[in-house]
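Residue indices begin at 1 and follow the sequence shown. In this text, all values refer to a predicted model and were calculated from it rather than measured experimentally.
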Amino acid sequence: MGFMSVLSFAHKLTAERLMSGGRAIDATVGTGADTLFLAKAAGPRGGVYGFDIQPAALKLAEERLRLAREEAPSALSPVTLLQRSHAAMADAVPPEWRGTVSAVMFNLGYLPSGDADKTIITEPESTLAALEAALSLLRPGGIVTAVLYPGHDGGDREASAVESWAAGLAQQEAQSIVYRQLQRSSAPYVVAVEKKKGTEA
């Protein structure tokens, strides 16, 4: 039967915590696959923000969301897409979102589109700032998932930085896990962080 893919695992963890009416953030919109997943999970009474620095990514996501709304007009939450770094998410979302977000998803690396510039990648410095912001926005019991890609240039440095960040979190603040295929060091993997219940933002 095989193990679940890293993307499916990230979605499973998120779906268990993001209920209808909830709030979620796609920190790296890319082609919009996670954005759409979050919009479906949050439902029409929920809300989703998405961040990407590349206009091409936002355009791909807008088209994906448009097609989904044509098929099921009332199934998705409102989605706000912003051409901004994920490091700015804490300032970009409404103040009332702080401490209420159920899930923040990161899918790091480069835009996986045929004609995209693959030299534009997420960087450890802004990603770590974004992870800190994400943790501050989470509700108790909320989750951050980060799909990491150590196989591309710069990806291993970012993956190591994210893993070190998650491992260094105080246990009373959050718990973190890794989901990884051990025989392939370059394979994508997931780091997930759940904010402890009873923890203030």
> In the single-linkage hydrophobic clustering (I, L, V, M, F, W, Y; side-chain heavy atoms under 4.5 Å), do Leu13 and Leu131 co-cluster?
no
> Got a donor-acceptor contact below 3.5 angstrom from the Ser136 side chain to the Ala133 backbone?
yes
> Give the cluster check for Val178 versus Phe9: same hydrophobic cluster or not, with ILVMFWY residues linked at side-chain heavy-atom distances below 4.5 Å.
no
> Filter on side-chain hydrogen bond (donor to acceptor under 3.5 Å, both in side chains), then keep only pairs touching residues 161-170, sequence neighbours left out; what's left?
Glu132-Trp165, Glu163-Tyr189
> Could you tell me the separation between the CD1 atom of Ile143 and the CD atom of Glu16, rounded to the nearest 0.5 Å?
8.0 Å
> Does a side-chain N-to-carboxylate-O contact under 4.0 Å join Lys59 and Glu63?
no
> I need the minimum non-hydrogen distance between Lys197 and Pro140, along with the two atoms involved.
CA-CB, 3.6 Å
> Show, in sequence, the C-alpha distance, side-chain angles and deciding distance for Leu38 and Leu36, and conclude whether the side chain to side chain contact (heavy atoms under 4.5 Å, CB included) test is met.
CA-CA 5 Å; Leu38 292 171; Leu36 178 57; over 6 Å; no
> Within a radius of less than 6.0 Å around CZ of Arg66, do more than 12 heavy atoms belonging to other residues, nucleotides or ligands occur?
yes
> What do the steps show when you test Leu138 against Val193 for side chain to side chain contact (heavy atoms under 4.5 Å, CB included), and what is the final call?
CA-CA 10 Å; Leu138 283 187; Val193 173; 5.8 Å; no
> With a 6.0 Å cut-off (strictly less than), is the heavy-atom count around CD of Glu71, excluding the residue itself, greater than 12?
no
> Would a hydrophobic clustering, with Ile, Leu, Val, Met, Phe, Trp and Tyr connected at side-chain separations under 4.5 Å, put Met4 with Val191?
no
> Is the shortest side-chain heavy-atom distance between Leu169 and Leu135 below 4.5 Å?
yes
> What's the spacing between Leu65 CG and Leu60 CG if we round to 0.5 Å?
11.0 Å
> Report yes if some heavy atom in the side chain of Thr145 is under 4.5 Å from a heavy atom in the side chain of Tyr179; otherwise report no.
no
> Could you grab the distance from atom OG of Ser77 to atom CZ of Arg45, nearest 0.5 Å is fine?
11.5 Å
> Could you pull out the closest heavy-atom pair between Asp52 and Gln54, with the gap in Å?
OD1-N, 3.1 Å
> For residues Leu76 and Val79, determine if any side-chain heavy atom of one lies less than 4.5 Å from a side-chain heavy atom of the other.
no
> For residues Thr28 and Asp26, determine if any side-chain heavy atom of one lies less than 4.5 Å from a side-chain heavy atom of the other.
yes
> Give a yes or no on this: more than 12 heavy atoms of other residues, nucleotides or ligands lie within 6.0 Å of atom CD of Glu70.
yes
> Measuring from Lys40:NZ to Leu18:CG, what's the distance to the nearest 0.5 Å?
13.5 Å
> What's the separation between atom CG in Asp156 and atom OH in Tyr149, rounded to the nearest 0.5 Å?
15.0 Å
> Which atom names give the shortest non-hydrogen contact between Ala166 and Ser176, and what distance separates them?
O-OG, 3.1 Å
> Could you work out, with salt bridge (Lys or Arg N to Asp or Glu O under 4.0 Å) as the rule, every residue matching Glu62, not counting sequence neighbours?
none
> Closest approach of Val6 and Pro188, non-hydrogen atoms and distance?
CG1-O, 3.4 Å
> With sequence neighbours excluded, tell me which residues meet ring pair (Phe, Tyr, Trp, His ring centres under 6.0 Å) with Tyr49.
Trp97
> Please give me the minimum heavy-atom distance between Ala90 and Leu137, naming the atom from each residue.
CA-CD1, 4.1 Å
> Does some side-chain heavy atom of Arg139 sit less than 4.5 Å from a side-chain heavy atom of Arg23?
no
> Should Met105 and Leu7 be counted in the same cluster of Ile, Leu, Val, Met, Phe, Trp and Tyr side chains packed under 4.5 Å apart?
no
> Strictly by modelled atom types, are His11 and Asp34 linked by a side-chain donor-acceptor pair under 3.5 Å?
yes
> Is the shortest side-chain heavy-atom distance between Arg180 and Pro150 below 4.5 Å?
yes
> Are Val147 and Phe3 connected in the hydrophobic side-chain network, where two residues link if heavy atoms are under 4.5 Å apart?
yes
> Got a second to check how far Met89's CE is from Ile25's CD1, nearest 0.5 Å?
5.5 Å
> Go through the steps for Arg64 and Thr35 under the test side chain to side chain contact (heavy atoms under 4.5 Å, CB included), then give the verdict.
CA-CA 9 Å; Arg64 189 185 290 263; Thr35 319; over 6 Å; no
> Return the minimal non-hydrogen interatomic distance between Val104 and Ala27, and the atom names on each side.
CG1-CB, 4.2 Å
